[in-house]
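Input: a single structure, listed below in structure tokens.
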Amino acid sequence: MPIILDNNEAAIRRGIKTVGVGKKGSKALSQELAREILADLKAGKVTAAAQGSFWAGLLAKGLE
């Protein structure tokens, strides 16, 4: 089942959905989404739980 991202959702939530599907099912972040997430992180708009989920998803995904 494909992941459907809603642009009305917070950037971090879309990022978690993108990278947090497992090593074989995850996709790479687009530059635009990565920039949105970084801006939200810098602005303090992301909860600690969401940050942890995002970083854990990236760690589980591995480097590409």
Query raised in the report: How would you list, by chain and number, every residue that makes a salt bridge (charged side-chain N to carboxylate O under 4.0 Å, His left out) with R35, sequence neighbours excluded?
Result: none
Query raised in the report: Hey, what do you get for NZ (K17) to CD1 (I12), rounding to the nearest 0.5 Å?
Result: 13.0 Å
Report summary line: dist T18:OG1 -> L58:CG (nearest 0.5 Å) comes out at 10.0 Å
Query - Pairwise side-chain contact, V19 with W55, heavy-atom cut-off 4.5 Å (strictly under) - result: no
**Report entry** Heavy-atom closest contact (I16 atom, S53 atom, distance)
**Finding:** CD1-CB, 3.8 Å
Distance-only criterion, 3.5 Å: show the donor-acceptor pairs between side-chain atoms of residues 42-50 and protein atoms not counting sequence neighbours.
residue: T47; atom: OG1; partner: A50; partner atom: N; Å: 3.1

Query - Residues forming a side chain to side chain donor-acceptor pair (under 3.5 Å) with Q51, sequence neighbours excluded - result: none
Report task. For R14 and L33, indicate whether the former's side chain and the latter's backbone hold a donor-acceptor pair under 3.5 Å. Result -> no
